[in-house]
Protein chains: 2
Amino acid sequence: MITMKDVAREANVSNATVSRVLQGEPHVREEVRVRVLATVKRMGYKPSRVARSLRTNKSSVIGMVITDVQNPFFTTLARAVEDVCYENNYAVFLCHVDENIEKERFYIDTMLAEKVAGVVISPTQETNNPSWILVKAGIPVVSVDRRMLDLTVDTVTVDNISGAYKATTHLIDHGCRDIAIITGPKNSTTGRERLEGYIKALQDHQMNVIPEYIKIGSFKSEYGYKSMMELLKLSHPPTAVFTANYPIAQGAFNAIRQNGLKIPDDIKLIAYDQIELDTIYDTSITYMAQPSYDLGKIASKLLFARINAPESPIQKIMLEPSLHIGHSCGCLAQLLSTPETGPSSRVTSFNPKRKGD
Amino acid sequence: MITMKDVAREANVSNATVSRVLQGEPHVREEVRVRVLATVKRMGYKPSRVARSLRTNKSSVIGMVITDVQNPFFTTLARAVEDVCYENNYAVFLCHVDENIEKERFYIDTMLAEKVAGVVISPTQETNNPSWILVKAGIPVVSVDRRMLDLTVDTVTVDNISGAYKATTHLIDHGCRDIAIITGPKNSTTGRERLEGYIKALQDHQMNVIPEYIKIGSFKSEYGYKSMMELLKLSHPPTAVFTANYPIAQGAFNAIRQNGLKIPDDIKLIAYDQIELDTIYDTSITYMAQPSYDLGKIASKLLFARINAPESPIQKIMLEPSLHIGHSCGCLAQLLSTPETGPSSRVTSFNPKRKGD
DNA sequence: ATGAAAGCGCTAACAA
DNA sequence: TTGTTAGCGCTTTCAT
């Protein structure tokens, strides 16, 4: 293990000079600078980030906390954060907390102990989130996709109420009366707000809100499956269902299929988040697409802005989702007489900024 | 920021005693132990991992390097590594190198500088991989999914030659004669070996290997799209195509659709890696499934074994992929007279160990 | 069983 | 412009 001391000795300078050269400080003789740099290269010296962090009390690593690494929405978001960080020469510490508050605490403690320069988090809970500890320690935090109600931090979200409202309204406009919802936990922003939008849409159209049609639980596919099964067992099963994220849609879809039902004929489905593989199949799902890449990009830019100017005013940014019509809501079949041209019209381009919680 | 010194003062003991209590050393009076622990808790003290790393020259973070965060194969793999690490109280530093050797070097340098305890890597290149620097520094490295030819490290892979051989043979058994392949770079294990299996299958069946039908480039969807477009423009376009990973399949699929062709009628497709969303659509792709979760699990277990016993013999483990029949190769339609029961028979369970590079 | 003290590799005053 | 030196917070001998 080669240390700065070794380099200093070899280059016939002091420790401090080596450090100065490495930081690019101006007050170093050119000749010395060149000699030190050559020695560094020749010896293959890599400064210890650990020692530097200890000394400066910060690192050039930023933490990113997501609740599901297998959900394309979050991986796209992570991808965006990583792109921005790489441009800024920061490494990303990606933590997958699996919608599990204990894991979230573990990773947040780890990041604190590792003295990360900042954190982008999509919090599992809106309140009592473990990340208050980061805020208290003065580490910049940006909340993305979901909010933290009891913490004052920069936040980037998508308008969930409007998204769910529009999705539900779309089903109502189809003539659907018995619309169910399967959504995530009430103490997560996305779970709560998508439910809100759904209810508001029903009420605005003078429809009854039926408790049996409302499933509030988790954002995992297992929950989507279980809930859909329960919905289908009702004496009056719903004729349409709104699934509040992508894994829930997967689970619900499987339940529908196992019951031998056809979409959209027997039951209509409208999902939240881009179903990324929609371009790989001829049957496609109708969904509210979220600008996940932009979400990550904006979040990480806010983070760097905060790192560079800790006292600037807190920003809360909200983006809009957009409805993508597929076959699962039953309206595309009517719109298209030529199935040949239909699907290709919604083929997405090869943009790395894929969309898609 | 509360330090160990603060705790020591408050608890009326020395720095060393606090440290001993925290490490669980036996030679501490029970009364003192309790008092220190109480003080730690009361003050909300979190030991600095940075300082500890500097002192002990290692950390309880392991690095994971993957080439594509948006590929379900890799996220499943990452998920497995993370599960094992969490059980062992290690945090995972997930690095996404985007099939880009410069990013790979950047992250490997970062991990070295951060003194990670070990690294699980799916290397971009088989030779001259930047991770030699980790090996040289004595940091345990496990190679997963892809090999490193010039480095002696524990390795877990899936048999790509056999997988590609079987996939190609399946198409040949369908009567396909004009089979194209789109695969990743030749200097990646998976790109090279899947090509090998394809060629071997053709030769074993006395078929010509046609250079125009072989596309070797990258594992990205853009490449799959571009290559498929080129293949379709040939005067004698192929009647079947084998795509060597999931993004390539996505790209190729789009190209096929944009040309107004039907799968499997106009062209047959067989993919590598589980198309995870197959359960969400009625049309499905035939693919070679890889045990990606197990791959990650075994890799991380090897890593911990190596961390605990650096001198134990190097292990190379190879798993087997398995063929999943869908509609895209054209044989399912014949097998099934009742489409209703067909698809549901291949519905995968809600196992977090999803399969699927 | 406990404390004193050295030092991990680096940065940043302060001196020169 | 360069060197000397004092820590950052922790672990770990070595004493006691």
Side-chain angles (χ1 to χ4, degrees), chain A residues 1-37 39-40 43-61 109-117 137-139, chain B residues 1-37 39-40 43-61 109-117 137-139:
Chain A
M1 168 91 230
I2 294 142
T3 71
M4 187 175 273
K5 215 162 121 189
D6 300 326
V7 175
R9 194 178 341 97
E10 280 282 313
N12 271 313
V13 290
S14 75
N15 231 336
T17 301
V18 177
S19 179
R20 284 191 191 102
V21 170
L22 262 30
Q23 331 259 314
E25 275 187 38
H27 298 294
V28 180
R29 213 160 15 117
E30 182 59 16
E31 176 206 322
V32 173
R33 219 180 60 79
V34 169
R35 187 168 76 232
V36 168
L37 251 24
T39 313
V40 163
M43 302 180 76
Y45 166 69
K46 306 269 176 194
S48 160
R49 281 193 187 226
V50 174
R52 180 181 293 167
S53 291
L54 180 61
R55 181 58 228 237
T56 61
N57 207 26
K58 65 184 171 205
S59 75
S60 52
V61 171
D109 282 352
T110 303
M111 290 187 304
L112 179 64
E114 294 279 355
K115 294 275 184 303
V116 297
I139 294 177
Chain B
M1 168 92 230
I2 293 142
T3 72
M4 187 175 272
K5 214 161 120 189
D6 300 326
V7 175
R9 192 178 344 95
E10 280 283 313
N12 270 313
V13 291
S14 75
N15 231 336
T17 301
V18 177
S19 179
R20 285 189 190 103
V21 169
L22 261 30
Q23 331 260 314
E25 274 188 39
H27 297 294
V28 180
R29 210 156 21 114
E30 182 58 16
E31 176 206 321
V32 174
R33 219 180 60 80
V34 170
R35 188 169 75 232
V36 169
L37 251 24
T39 312
V40 163
M43 302 180 76
Y45 167 69
K46 306 267 176 196
S48 160
R49 282 193 186 225
V50 173
R52 180 182 292 167
S53 291
L54 180 61
R55 183 58 229 239
T56 61
N57 206 25
K58 63 185 172 205
S59 75
S60 52
V61 171
D109 282 352
T110 303
M111 291 189 303
L112 179 64
E114 294 279 356
K115 294 274 182 303
V116 298
I139 294 177

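Values below: all heavy atoms of this structure, side chains included; hydrogens, waters and symmetry mates excluded. The sequence lines fix the lettering, A, B, ..., with proteins before strands; numbering per chain opens at 1.
A:Thr56 comes within contact range of the sugar-phosphate backbone alone, with a heavy-atom separation under 4.0 Å but no base atom that close.
For the OP1/OP2 pair of C:dC10 and a distance below 4.0 Å, the side-chain nitrogens and oxygens of A:Ser48 include no atom meeting the criterion.
Among the candidates B:Val13, B:Val21, B:Val40, the single residue satisfying the side-chain contact (heavy atoms from CB on, under 4.5 Å) test with B:Arg35 is B:Val13.
Note: CE (B:Met4) to C1' (D:dG9) measures 8 Å, nearest angstrom. The CZ-P distance, from A:Arg55 to D:dT5, rounds to 16 Å in whole Å. One interatomic measurement links the two molecules: CG of B:Leu22 to P of D:dT12, which rounds to 13 Å at whole-angstrom precision. Put simply, NZ on A:Lys5 is 15 Å from P on C:dT11, counting in whole angstrom units. Atom NZ of B:Lys46 is separated from atom C1' of D:dC10 by 17 Å (rounded to the nearest Å). Computed from coordinates, the B:Leu54 CG to D:dG7 C1' distance equals 12 Å when rounded to whole Å. Look at CZ on A:Arg49: it is 12 Å from P on C:dT11, rounded to the nearest Å. Atom CD in A:Gln23 sits roughly 12 Å away from atom P in C:dA13 (whole-Å rounding).
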What are the atom names and distances for every N/O pair under 3.5 Å that joins the protein to nucleotides 1-4 of chain D?
from, atom 1, to, atom 2, distance (Å)
D:dT1, OP2, A:His27, ND1, 2.6
D:dT2, OP1, A:Arg29, NE, 2.7
D:dT2, OP1, A:Arg29, NH2, 2.9
D:dT2, OP2, A:Arg29, N, 2.6
D:dG3, OP2, A:Ser14, N, 2.8
D:dG3, OP2, A:Ser14, OG, 3.1
D:dG3, OP2, A:Thr17, OG1, 2.6
D:dG3, N7, A:Arg20, NH1, 3.4
D:dG3, N7, A:Arg20, NH2, 3.4
D:dG3, O6, A:Arg20, NH2, 2.3

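Counting heavy atoms from C-beta on, the side chains of B:Arg49 and B:Ser59 never come closer than 4.5 Å. Within the 4.5 Å cutoff, the side chain of A:Ser53 has no heavy atoms near those of the A:Val50 side chain. Residues B:Glu31 and B:Arg29 are in side-chain contact: their nearest non-hydrogen atoms beyond the backbone lie under 4.5 Å apart.
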- Show your reasoning for whether side chain to side chain contact (heavy atoms under 4.5 Å, CB included) applies to B:Met111 and B:Ile139. CA-CA 10 Å; B:Met111 291 189 303; B:Ile139 294 177; over 6 Å; no
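Between the B:Thr39 side chain and the B:Val7 main chain, no donor and acceptor come within less than 3.5 Å of each other.
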